[in-house]
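Shown next, in structure tokens, is the structure this report addresses.
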There are 2 protein chains.
Amino acid sequence: MNLKELSTLLGLSQTTVSRALNGYPEVSEVTRDKVMKAAKLHNYSPNTRARGLATGRNHAVGHVIPLSTEHEVVNPVFTDFIAGASEIYSRENYDMILSIVPDSTEADAYRKIAAKGSVDGVIVHGPKANDPRIALLREIGMPFVVHGRSGIAEESEYSWVDMNNTRAFERATEFLIDLGHRRIGLLNGLETMDFALKRREGYRAALASAALKEHKDLCYSSEMTEEYGFTATMEMLALNQPPTAILASSIIVGFGVRRALDTSGLKIGKDVSLIVHDDDLSYLRNGSNEPIYTATRSSVRMAGRICAEILMEQISDPNRPLRHVLLDAELIIGHTTGPAPKD
Amino acid sequence: MNLKELSTLLGLSQTTVSRALNGYPEVSEVTRDKVMKAAKLHNYSPNTRARGLATGRNHAVGHVIPLSTEHEVVNPVFTDFIAGASEIYSRENYDMILSIVPDSTEADAYRKIAAKGSVDGVIVHGPKANDPRIALLREIGMPFVVHGRSGIAEESEYSWVDMNNTRAFERATEFLIDLGHRRIGLLNGLETMDFALKRREGYRAALASAALKEHKDLCYSSEMTEEYGFTATMEMLALNQPPTAILASSIIVGFGVRRALDTSGLKIGKDVSLIVHDDDLSYLRNGSNEPIYTATRSSVRMAGRICAEILMEQISDPNRPLRHVLLDAELIIGHTTGPAPKD
DNA sequence: CCCCGAACTCAAAGCGCTTTGGCATCTCTC
DNA sequence: GAGAGATGCCAAAGCGCTTTGAGTTCGGGG
């Protein structure tokens, strides 16, 4: 069923039917009603391509996922993020187009997306420490929102939604220091990524203000897998002076830490304390009533919602001022932290 | 840059340029070359909407994710699946459109997608025991591939890619029985889902052929979270006759089981054995060299690739015969199983 | 030297929609 | 009762592409 068919069926012109459906005032309520009913009855939805072609609007946004050899953004965090974003999209009747592109061809991919004109805006995932995509998108002139930030310099020049990574990890480290811990391991994410750098800074700041020095052999940086948590922890435990506390960059890494401690016969929260960062993932809840892990928590799903909302805003009116949202993580106390053991 | 601009720039007609770009034989190699170069230089990509309108082909496939109150398909398994699928899509230059729709309006959503004509085919995720979507899509006449199956009756009438869930869980159960276990807990997924039902069948079959009876209080069914694994295990351990082995439907559930055993001071693989199903998720690897958990393993990412490939086939030639792919899970032996403890 | 087919190229139609500008018809107002 | 302004509807253009059917050019055989 297309417009033409529907309109001949109704004995009206295409114009009138189109206007009726799109809420233009030039059509009487009676007619509009008739049209609406007929549309529903015959299951008519305007063809998106044609509509897009005519209006220049796609009702679609793009999520470009760099597929790199070193870092996979298609991860559980990403999943929850898009779950959040799509809540907004479905409300606004927008489609979400996912392109997973090898990061070698990423710049091209963005240009191509712009040229193909199939989306009205994009969301940038997993910004690196100094990410060329931002300049690129500004140059192209397509509305975009970054999940995270990239470098400090021009962060006022694009819209972003970020968690306060620095503060979160600073706070977590302070908490451990207050508990008497002096040797604190950091299982960070890949430090090519902006968020990981910021977390590192926070960790460092807390140590510094307690006049503690950072030990190189207690600081790890890698893709955030369970295996990583396990291996790194085992390595640290084998040191002459193993850490009494560990800060893990995700709950999955935390699982690995737990396994390593179990394997080594150490009691979590007693022999070794653990704080994880908890993205509040729907499938990896940190306890339902009561938290299991002591954690810095910030819902990535929420971040997805906010990003999407800002992008919608930006699309509907490109002249809106840029938006910057900094979400604070809360420190929640679970069963994996305790006072530093005396030796 | 659009076709018109590009062609005047080259001093050629739009037809010629279009043909040159699309590989038609009516254009000389010299011309084609010039056109190609210019297109690359000026970063020209044909507008997808216009192209779609003209050809009726979108170069896009849809993934419809039912968002239900009881079951979230946006889960880590889904993530790896689309990572696999998109490997194929990006190779074939297809877009992936994700729609997350409330499952109450799901039927409508499919009709609407068909009517809007923005995709050439769809992949059906998370089929329920008897899923109406399949009949619906056949009626609509849009190419589709199901990840999983739905009921036994007409499974020859649509394309699907599934894991042999029944066999996998039968084999795992047999393995535990061979180790001497008699009380085997099952932490299944939601048994409204087809895959979970099939797993249950396999479990049941193995028990039956060993002349063991199924204990209701050892069989759980729920969304596959860590919390679920923990809670259910704690409950079972509190029984008069707790299980000596547990079968968990995912590695995440397995994490919960591990935590429950730790909490209870029980040694995994000794006091209680554990087999998980391992979807070989990139972020939740079951060990890199050597498996950690004893598991039935089948790569969901691979399933994604195969689904996508079949769908591409089906789209390019709707008359291709339907395809049915049944992937067998391998049983891999990790450190979480051992002979049943004597009491 | 001419004609014919091969090799190219082109103008124009059409995909399904929105939107501009215009045309009836109808209702007031003076 | 006529002109002005609403009101409700319509025809047609145009979005950027593909594709049909119709040229145009060129080289080679008769």
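Since the model is a prediction, treat every value here as computed from it, not as a measurement. Proteins get letters first, then strands, A, B, ... in listed order; numbering begins at 1 in each.
- Following rounding to the nearest Å, B/Glu26 (CD) and D/dG21 (P) show an atom-to-atom distance of 13 Å.
- Closest to the A/Arg19 side chain, of the nucleotides D/dC9, C/dC17, C/dT20, is C/dT20.
- The side chain of A/Thr16 has D/dC10 as its nearest neighbour among D/dC10, D/dC17, C/dC17.
- Counting distance only, with no hydrogens placed and no angle test, the side-chain atoms of A/Thr15 and the base atoms of C/dT19 include a donor-acceptor pair under 3.5 Å.
- Remark: the backbone N or O of A/Val61 is not paired with any side-chain donor or acceptor of A/Asp120 at under 3.5 angstrom.
- Using a distance-only test at 3.5 Å, with no hydrogens or angles considered, no donor-acceptor pair links the side chain of B/Ser150 to the main chain of B/Pro127.
- Summarising the geometry, the separation between CD on A/Glu29 and P on D/dA6 is reported as 19 Å, rounded to the nearest angstrom.
- Distance B/Lys116 NZ to C/dC17 P: 13 Å, rounded to the nearest Å.
- When rounded to the nearest whole Å, the span between CD of B/Gln14 and P of C/dC15 equals 18 Å.
- Applying the 4.0 Å criterion to OP1 and OP2 of D/dT18, one finds that B/Asn22 has a side-chain N or O inside that range.
- Of the candidate nucleotides D/dC17, C/dT18, C/dC17, C/dT18 has the atom lying nearest to any side-chain atom of A/Ser18.
- Residue A/Arg51 has its side chain nearest to C/dC17 when only C/dC17, D/dT18, D/dC9 are considered.
- The backbone N or O of A/Tyr24 sits less than 3.5 Å from a side-chain atom of A/Arg32, completing a donor-acceptor pair.
- Nearest-nucleotide mapping onto DNA chain C: of B/Leu53 and B/Leu12, the residue sitting toward the 5' end is B/Leu12.
- Dashed line: the shortest gap from a side-chain N or O of B/Thr31 to OP1 or OP2 of C/dT9 is under 4.0 Å.
- If you check distances only, the side chain of B/Ser13 never reaches the base of C/dT9 with a donor-acceptor pair under 3.5 Å.
- Here C/dA13 presents its C1' atom at 15 Å from NZ of B/Lys4, a figure rounded to the nearest Å.
- Distance, A/Arg49 CZ to C/dG14 P: 18 Å, rounded to whole Å.
- Note on ring orientation: taking the six-membered ring where Trp is involved, the planes of A/His59 and A/Tyr94 are tilted (angle from 30° to 60°).
- Residues B/Ser118 and B/Asn58 have side chains that never bring a donor and an acceptor to within less than 3.5 angstrom of each other.
- Protein atom CG of B/Leu6 is 13 Å distant from nucleotide atom P of C/dC10, rounded to whole Å.
- Closest to the side chain of A/Asn2, out of C/dG16, D/dG16, C/dC10, is C/dG16.
- A straight line from CG of B/Leu10 to P of C/dC10 spans 11 Å, rounded to a whole angstrom.
- Residue B/Tyr24 places no side-chain N or O under 4.0 Å from the OP1 or OP2 atom of C/dT9.
- Side-chain atoms of B/Ser28 lie closest to C/dC8 of the nucleotides D/dG8, D/dT20, C/dC8.
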